[in-house]
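Quick one: the structure is below, and I'll ask about it shortly.
The figures that follow rest on heavy atoms only: side chains count, while hydrogens, waters and symmetry mates do not. Note that the structure is a prediction, hence the values are computed from the model and not measured.
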2 protein chains.
Amino acid sequence: MDGPRFEPVRAVRAYERVVEQVEEAIEGGTLSPGQRLPSERELMVQFSVSRSTVREALRVLQARGLVRSRPGDPNGAEVLPFSPAALHKSMTTLARVEELSLAELVQFRMVLDSSAILLAARLRTDAQLADMESAVAGMRAAVEAGHDAFGEADVAFHDVVARSSGNKLIQICMDVVRSIVLKLIAEKIADAPDREALMRQSIRHHEEVLAAMRAGDGPLAARLSRKAMYDYYAGYVPAAERSSLRALLD
Amino acid sequence: MDGPRFEPVRAVRAYERVVEQVEEAIEGGTLSPGQRLPSERELMVQFSVSRSTVREALRVLQARGLVRSRPGDPNGAEVLPFSPAALHKSMTTLARVEELSLAELVQFRMVLDSSAILLAARLRTDAQLADMESAVAGMRAAVEAGHDAFGEADVAFHDVVARSSGNKLIQICMDVVRSIVLKLIAEKIADAPDREALMRQSIRHHEEVLAAMRAGDGPLAARLSRKAMYDYYAGYVPAAERSSLRALLD
DNA sequence: ACTAATTTGTCCGTATGTATG
DNA sequence: GCATACATACGGACAAATTAG
């Protein structure tokens with residue numbers, strides 16, 4: 001019959017065990033953001049490992065965005081609040097090494113944005129709706145102030161929507177993917193010939209979406225948002241890949 | 001008038017400069033997966049830093065999933081092909097430190113899965129449709145083989161769909177979020193009272209989705225898939241949060 | 001199958017610049 | 001300003017692991 005199913009024992013490095021313990025303490029809530037880790041010298045005593053091992057562990061924890069250590073700080077490494085920086089980093093590398101096309105990224109934004117809008121249209125509070133209204137008002141005011149200000153106002157609107165969706169994961173992924181897309185085509189947008197017309201069209205689209213959300217028509221608002229994003233970005237996407245974006249329109 | 005706008009010079013650590021250079025080489029294609037980095041001693045000469053610095057840099061690169069080094073390997077660290085491991089890691093920490101609810105994760109799956117299905121229904125090739133058919137056939141065959149085998153067949157179906165969507169980003173995010181959700185409720189599913197009935201219902205749902213895709217009706221297939229996932233997971237979600245899932249149903 | 005050479009993992013000691021009280 | 005403790009970075013050392021011959 002079957003004997004006991006032994007698992008192969010991977011040789012786990014000392015620094016990994018240090019990482020695991022600190023990680024569990026942070027994710028388990030024993031260590032909260034703002035709190036300090038013991039100093040490196042103290043850690044090498046507690047874990048009974050060398051200084052180098054402690055330092056390699058801290059480097060990994062820092063790369064994962066969990067702690068930050070500064071030279072000379074007598075308080076030891078600081079436990080950081082969650083930031084999407086690590087997620088942002090891995091998605092950016094994903095985009096580069098897997099050669100994600102702009103079309104794929106925009107498509108992903110269309111999916112996330114329209115989903116957030118659908119959810120927000122149905123779950124929003126009145127206060128959140130008011131925030132969206134003032135965000136669109138901010139976009140109208142920013143047309144004169146130039147393209148950078150307009151971009152910020154636009155981002156502010158989508159942030160309110162994302163928060164109103166009630167889903168933090170959608171919110172964070174939207175933020176990450178949006179920044180990647182904007183970085184990819186920042187120059188092209190700045191060089192667009194008729195920027196003001198584009199801004200005014202974008203405002204009209206946002207107003208339509210907002211009206212649908214105010215009316216509680218989630219599917220309509222979502223459909224409009226996909227169309228708006230398609231119109232805004234299609235020009236920057238190679239013609240051959242535009243059909244994959246149109247597959248999301250109805 | 002304005003003088004030159006000097007930016008504050010952040011003190012960038014030595015190991016970070018090493019990380020940046022290697023990272024650029026990998027993401028720029030100078031170093032391809034399977035290739036080897038020089039040995040640590042060679043690297044300390046090329047970068048003219050100490051070995052500790054080289055090692056800290058390698059630890060960071062390893063945490064980002066770009067390289068792997070094994071003790072005693074005379075060939076130096078290996079450049080790895082992209083893997084979603086780093087993305088998986090940061091999403092898992094996100095789920096834990098931000099206390100993402102199961103509802104949020106399932107909601108995200110509903111969004112991604114139905115979007116992939118919508119895209120696949122419109123962009124699939126005939127060969128991919130055949131793969132989906134055989135994947136569902138595999139699910140039917142796996143009912144007898146127990147719940148683990150059924151789970152694998154189910155995953156296989158959704159993988160084919162994700163590939164057929166033509167969007168690698170959606171595909172990878174689906175994979176990551178699915179594994180997190182499954183890990184969260186693996187025990188609960190295994191302990192479900194009428195597992196076989198659930199499996200048969202799941203198969204019926206998949207067949208309906210597949211029929212809609214075969215007919216080219218993307219919106220219907222997407223709607224059915226959201227409903228199917230809601231029915232499958234709603235029981236594991238606290239009642240108070242189910243309404244946020246229903247907000248995605250029409 | 002065994003040895004030799006090289007590499008990584010880990011440890012220790014030391015020097016230097018920095019932040020805090 | 002000063003003293004202390006800290007992180008950063010360097011260099012040397014040894015054991016365990018891997019590969020080549």
R70(A) vs R51(B), nearer the 5' end of DNA chain D by closest nucleotide: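 The residue whose closest nucleotide sits nearer the 5' end is R70(A).
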What's the OH-P distance between Y15(A) and dC11(C), to the nearest Å?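 The distance from OH of Y15(A) to P of dC11(C) comes to 14 Å, rounded to the nearest Å.
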Rounded at 0.5 Å granularity, tell me how far CZ in F82(B) sits from OG in S90(A). 7.5 Å
Please step through side chain to side chain contact (heavy atoms under 4.5 Å, CB included) for the pair I180(A) and H88(A), ending with a clear verdict. CA-CA 8 Å; I180(A) 294 175; H88(A) 190 283; 4.1 Å; yes
Value in whole Å for how far the C1' atom of dC11(C) lies from CZ of F47(A): 17 Å
In this structure, how many angstroms lie between the C1' atom of dT10(C) and the CE atom of M44(A), rounded?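 For the pair M44(A) CE and dT10(C) C1', the rounded distance is 12 Å.
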For S69(B), report the nucleic acid contact type (base, sugar-phosphate, nothing); a contact means any heavy atom under 4.0 Å.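 Sugar-phosphate contact only.
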R64(A) vs E23(A), test: side chain to side chain contact (heavy atoms under 4.5 Å, CB included). Steps then yes/no. CA-CA 10 Å; R64(A) 294 191 183 155; E23(A) 210 168 51; 2.5 Å; yes
Within the pair T53(A) and dC11(C), is there a side-chain N or O less than 4.0 Å away from OP1 or OP2? yes
Between which nucleotides of DNA chain D, read 5' to 3', does contact with chain B run, using atoms under 4.0 Å from its heavy atoms?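 Answer, 5' to 3': dT8(D) to dT19(D).
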Quick one: E42(B) CD to dT7(C) C1', roughly how many Å, whole number? 13 Å
Between Q62(A) and R13(B), is any pair of side-chain heavy atoms under 4.5 Å apart? yes
Would you mind telling me which residue lines up with the more 5' stretch of DNA chain C, R17(A) or R41(A), judged by nearest nucleotide? R17(A)
Closest-nucleotide 5' rank along DNA chain C - winner of D73(B) and S52(B): D73(B)
Could you check I26(B) against T93(A) for side chain to side chain contact (heavy atoms under 4.5 Å, CB included), going step by step and ending with a plain yes or no? CA-CA 10 Å; I26(B) 293 178; T93(A) 43; over 6 Å; no
Report which part of the nucleic acid R59(A) touches: base, sugar-phosphate, or nothing (heavy-atom distance under 4.0 Å, all strands). sugar-phosphate
When you look at CD of E99(B), are more than 12 heavy atoms from neighbouring residues, nucleotides or ligands closer to it than 6.0 Å? no
Just the rounded figure in Å: distance from P of dT7(C) to CD of E78(B).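 Distance check: E78(B) CD to dT7(C) P gives 17 Å.
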Pick base, sugar-phosphate or nothing for E40(B), based on heavy-atom distances below 4.0 Å to the nucleic acid. sugar-phosphate
Between CG of L94(B) and CD1 of I172(A), what distance do you get to the nearest 0.5 Å?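 Reported to 0.5 Å precision, the distance equals 4.5 Å.
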